[in-house]
**Student:** 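Starting off with a structure, shown below.
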Amino acid sequence: MKKRVSMVMAAAMAATLAASVATPAMAEGENLTVFNSKMEIQSQFEEKAAEYSESAGVNMEVYYSNDTVAAHMGSRYAADDPYVMSMVDAKDVYSLGPEHAIDLTDQDWTADTTHAVIVNDQVMGFPVCVEARGIIYNADAIEAITGEEFVPSDYATLDAFSELLATLVEGGMESPVGILKEDWSLAGHFLPQVYEEQEDPEAFVQSLYEGTADLINNEKFNALMDTFDVLMANNYAKDSAIAAEREVTSQKLAEGEIAFMFGGNWDWSVINQYDYTENMGIMPVPQNLDDGANTKLVGGGSKYFYIDSAESITDEQRQAAKDFLNWLVYDEEGQSFLANDCALVPAFSNITLEVADPLGASVKEFADAGNLIGNYNYLPDDHYSICGASFQKYLAGQIDREGFASEIESYWSSTTPVEH
């Protein structure tokens with residue numbers, strides 16, 4: 001999703017380790033290999049790993065791959081070369097955990113989070129952060145035209161939101177919206193909200209697998225697609241929507257040329273590269289619903305560490321990994337690494353640091369108030385690419401809503417259910 005980063009960071013400091021060990025429980029110079037699948041924090045992670053290696057007495061190496069998490073981890077296991085600790089998605093913990101992860105139930109941090117991944121009654125996934133998605137807004141750009149304070153909750157319905165967009169257009173903002181055309185945004189973030197807003201997401205997805213779902217007549221599907229249609233009609237790149245570049249869209253939002261973009265707090269890593277205005281945030285996706293779904297963001301724990309159980313990894317290496325996780329949760333420097341260096345929303349109640357960016361601050365506000373719709377964590381690995389291609393056809397005007405619904409139903413009824 002972002003610019004490519006270096007894949008390997010080697011922090012070998014054997015000459016100085018003896019004088020700088022901060023955690024006696026760790027074996028001096030223990031190799032701690034870590035897989036990071038969150039590319040936007042790779043450089044920060046590399047830098048911190050070098051510092052941590054010196055202070056804690058380990059040789060911490062952080063790796064990143066451009067392959068999908070499932071493909072990369074599969075290749076490592078096929079080569080019998082597992083990482084000591086891996087950061088993956090929730091669905092990967094469910095699929096890999098029973099065979100490859102150790103039980104972390106006895107760790108102190110389990111009492112300070114509600115976002116850990118539990119498999120077969122064992123805690124296997126350490127939550128790295130909380131992330132959520134909705135409509136990112138530039139309040140300064142809106143207020144410059146309306147002359148009034150922007151209160152996101154006033155625009156929870158699509159009707160109210162549409163009126164605001166019309167006001168912005170009349171005030172001189174020709175196209176107030178930007179849409180990210182990438183498959184991970186369309187099919188990894190927007191489309192899943194159709195599943196997540198259902199009364200019983202698990203049962204709904206099962207009906208998709210069984211081929212009995214009726215998307216075109218589903219209230220949530222139509223409410224969200226109604227909103228998407230309004231976003232498309234106001235998209236600055238509507239005449240060439242599939243050619244729009246993420247960086248250009250993010251810059252337009254940051255600088256106030258447009259006012260809205262569907263996304264999540266991870267988008268701050270792109271937005272902050274530009275001359276952004278001060279007042280930005282995330283609001284729920286406006287929908288004409290009366291069940292409260294339009295008053296909540298969608299999100300929860302995002303990215304999870306698990307520690308490998310492979311025989312090739314020593315107990316000392318596993319202890320080094322456990323100590324690093326505890327350092328993230330309970331050491332001031334570890335907490336600062338999450339909240340400040342990486343601009344993440346920590347998933348632990350004991351971490352009270354202010355979130356470093358306005359999008360993360362919005363997410364924390366909704367999370368603290370209990371206003372998050374939970375992620376559906378069991379999408380098949382090819383959901384992004386296949387459903388993303390269908391969604392891009394819809395965005396480009398190549399298929400209508402009925403055709404789009406049909407393609408999504410066809411995908412689900414022909415794919416293999418994800419075990420969990």
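Along the sequence shown, the residues carry numbers beginning at 1. No experiment lies behind these values; they were computed from the predicted model shown.
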**Student:** Measure from the side-chain N and O atoms of Ser95 to the backbone N and O of Lys91, and report whether any donor-acceptor pair falls under 3.5 Å.
**Tutor:**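 Yes, Ser95 side chain to Lys91 backbone: donor-acceptor pair under 3.5 Å.
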**Student:** Is there a donor-acceptor pair closer than 3.5 Å between any side-chain N or O of Ser53 and the backbone N or O of Ala49?
**Tutor:**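 Between the backbone of Ala49 and the side chain of Ser53 there is a qualifying donor-acceptor contact (under 3.5 Å).
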**Student:** Using ring-ring contact (aromatic ring centres under 6.0 Å, His included) as the criterion, point out the one residue from Tyr52, Phe324, Phe45 that pairs with Phe337.
**Tutor:**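 That would be Phe45.
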**Student:** Can a side-chain donor-acceptor contact be found between Gln392 and Tyr394 if the only test is distance below 3.5 angstrom?
**Tutor:**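 On atom types as modelled, these side chains do not qualify, holding no pair under 3.5 Å.
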**Student:** For Met87 and Lys38, which heavy atoms make the closest approach, and how far apart are they?
**Tutor:**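 Looking at all heavy atoms of both residues, the shortest contact is SD-CB, 3.8 Å.
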**Student:** How would you list all residue pairs meeting side chain to side chain donor-acceptor pair (under 3.5 Å) that involve residues 353-362, not counting sequence neighbours?
**Tutor:**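 Applying side chain to side chain donor-acceptor pair (under 3.5 Å) to every pair that reaches into residues 353-362, excluding sequence neighbours, yields nothing.
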**Student:** Verify, without hydrogens or angle tests, whether Gln44 (side chain) and Cys342 (backbone) share a donor-acceptor contact under 3.5 angstrom.
**Tutor:**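 Judged by distance alone, no pair lies under 3.5 Å.
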**Student:** Do the ring planes of Phe126 and Phe348 sit parallel (below 30°), tilted (30 to 60°) or perpendicular (above 60°)?
**Tutor:**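 Taking Phe348 first and then Phe126, their aromatic rings sit tilted (interplane angle of 30° to 60°).
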**Student:** Can you name the closest pair of heavy atoms from Pro358 and Met280 and give their distance?
**Tutor:**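 For Pro358 and Met280, the tightest heavy-atom pair comes out as CB-O, 3.3 Å.
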**Student:** Looking at Phe190, I'd like to know if the NZ or CZ of Arg133 sits under 6.0 Å from its six-membered ring centre while staying within 45 degrees of the ring's axis.
**Tutor:**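 Pair Arg133/Phe190 does not count as cation-pi.
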**Student:** Between Asn234 (side chain) and Leu165 (backbone), is there a donor-acceptor pair under 3.5 Å?
**Tutor:**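 Not a single qualifying donor-acceptor pair exists.
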**Student:** Check for a donor-acceptor pair, side chain of Ser86 on one end and backbone N or O of Val88 on the other, with a separation under 3.5 Å.
**Tutor:**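 Flag not set: sc Ser86 to bb Val88 has no pair under 3.5 Å.
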**Student:** Among Phe35, Tyr77, Tyr83, whose ring-ring contact (aromatic ring centres under 6.0 Å, His included) with His100 holds?
**Tutor:**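 Answer to the ring-ring contact (aromatic ring centres under 6.0 Å, His included) test with His100 among Phe35, Tyr77, Tyr83: Tyr77.
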**Student:** Please confirm whether the backbone N or O of Asp112 pairs with a side-chain atom of Ser349, one donor and one acceptor, at under 3.5 Å?
**Tutor:**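 Yes: the side chain of Ser349 pairs with the backbone of Asp112.
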**Student:** Run the ring-ring contact (aromatic ring centres under 6.0 Å, His included) test against Tyr384 and tell me which residues pass, sequence neighbours left out.
**Tutor:**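 Applying ring-ring contact (aromatic ring centres under 6.0 Å, His included) to Tyr384 gives none.
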**Student:** With a 4.5 Å heavy-atom cut-off, do Leu338 and Leu328 have their side chains touching?
**Tutor:**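 Leu338 vs Leu328: side chains touch.
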**Student:** Kindly list each side-chain donor-acceptor pair under 3.5 angstrom involving residues 251-265, sequence neighbours excluded, with atom names and distances?
**Tutor:**
unit_1, atom_1, unit_2, atom_2, d
Gln251, NE2, Glu255, OE2, 3.2
Lys252, NZ, Glu257, OE1, 3.4
Lys252, NZ, Glu257, OE2, 2.7
Asn265, OD1, Ala132, N, 3.0

**Student:** With a 4.0 Å cut-off on N to O distance, would you call Lys220 and Glu196 a salt bridge?
**Tutor:**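 Between Glu196 and Lys220 there is no salt bridge, as every charged N stays at least 4.0 Å from the carboxylate O atoms.
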**Student:** Between Arg401 and Asp226, is there a salt bridge with N-O shorter than 4.0 Å?
**Tutor:**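 Judged by the 4.0 Å cut-off on N to carboxylate O distance, Asp226 and Arg401 do form a salt bridge.
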**Student:** Looking at the rings of Tyr376 and Tyr378, which for Trp means the six-membered one, are their centres under 6.0 Å apart?
**Tutor:**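 Distance test on ring centres: under 6.0 Å, yes.
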**Student:** Are any of the side-chain nitrogens in Asp308 or Arg318 under 4.0 Å away from the carboxylate oxygens of its partner?
**Tutor:**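 No salt bridge links Asp308 with Arg318.
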**Student:** Would the distance check show the side chain of Asp382 and the main-chain N or O of Ser385 forming a donor-acceptor pair, the cut-off being under 3.5 Å?
**Tutor:**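 No, the answer is negative, given that no donor and acceptor are paired below the 3.5 Å cut-off.
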**Student:** Glu30 versus Asn59: any side-chain heavy-atom pair under 4.5 Å?
**Tutor:**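 Contact flag for Glu30/Asn59 side chains = no.
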**Student:** I would like to know whether Thr249 and Tyr236 meet side chain to side chain donor-acceptor pair (under 3.5 Å); could you show each step before the answer?
**Tutor:** CA-CA 9 Å; Thr249 304; Tyr236 80 90; 2.7 Å; yes
**Student:** State, to 0.1 Å, how close Asn218 and Phe204 come at their nearest heavy-atom pair, and which atoms those are.
**Tutor:**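 Taking Asn218 first and Phe204 second, the nearest heavy atoms are ND2-CE1, 3.6 Å.
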**Student:** Looking only at non-hydrogen atoms, find the nearest pair between Ala101 and Tyr306 and report the distance.
**Tutor:**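 Answer, listing the atom of Ala101 first, then Tyr306: CB-CD1, 3.7 Å.
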**Student:** Would the distance check show the side chain of Arg76 and the main-chain N or O of Pro82 forming a donor-acceptor pair, the cut-off being under 3.5 Å?
**Tutor:**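 Not at all, since once roles are kept as given, no pair shorter than 3.5 Å links the two residues.
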**Student:** Go through the steps to decide whether Leu289 and Glu197 satisfy the test side chain to side chain contact (heavy atoms under 4.5 Å, CB included), and finish with yes or no.
**Tutor:** CA-CA 11 Å; Leu289 296 171; Glu197 285 191 10; 3.6 Å; yes
**Student:** Hey, can you tell me if Phe404 and Phe391 have their rings parallel, tilted or perpendicular (30° and 60° cut-offs)?
**Tutor:**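 Plane angle between 30° and 60°, so tilted.
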**Student:** If every non-hydrogen atom of Glu409 is compared with every non-hydrogen atom of Ala213, which pair is closest and at what distance?
**Tutor:**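 Heavy atoms of Glu409 and Ala213 come nearest at OE2-O, 3.2 Å.
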**Student:** Quick check: does any side chain N or O of Asp140 sit under 3.5 Å from a backbone N or O of Asn279, one acting as donor and the other as acceptor?
**Tutor:**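 Present.
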**Student:** Does the ring centre of Trp109 sit less than 6.0 Å away from the ring centre of Tyr330?
**Tutor:**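 No, the ring of Tyr330 stays outside the 6.0 Å limit from the ring of Trp109, centre to centre.
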**Student:** Is there a side-chain contact between Val298 and Asn375 (heavy atoms, below 4.5 Å)?
**Tutor:**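 Contact flag for Val298/Asn375 side chains = yes.
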**Student:** Give the ring-plane orientation class for His383 versus Tyr195, where under 30° counts as parallel, over 60° as perpendicular and anything between as tilted.
**Tutor:**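 Ring orientation of His383 relative to Tyr195: perpendicular.
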**Student:** Indicate yes or no: does Lys303 engage Glu131 in a salt bridge with an N to O separation below 4.0 Å.
**Tutor:**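 Salt bridge: no.
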**Student:** Could you tell me whether the side chain of Thr227 and the main chain of Ala223 form a donor-acceptor pair under 3.5 Å?
**Tutor:**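 Checked: pair present.
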**Student:** Asp89 and Val69: which non-hydrogen atoms are nearest, and at how many Å?
**Tutor:**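 Residues Asp89 and Val69, closest heavy atoms: OD2-CG2, 4.1 Å.
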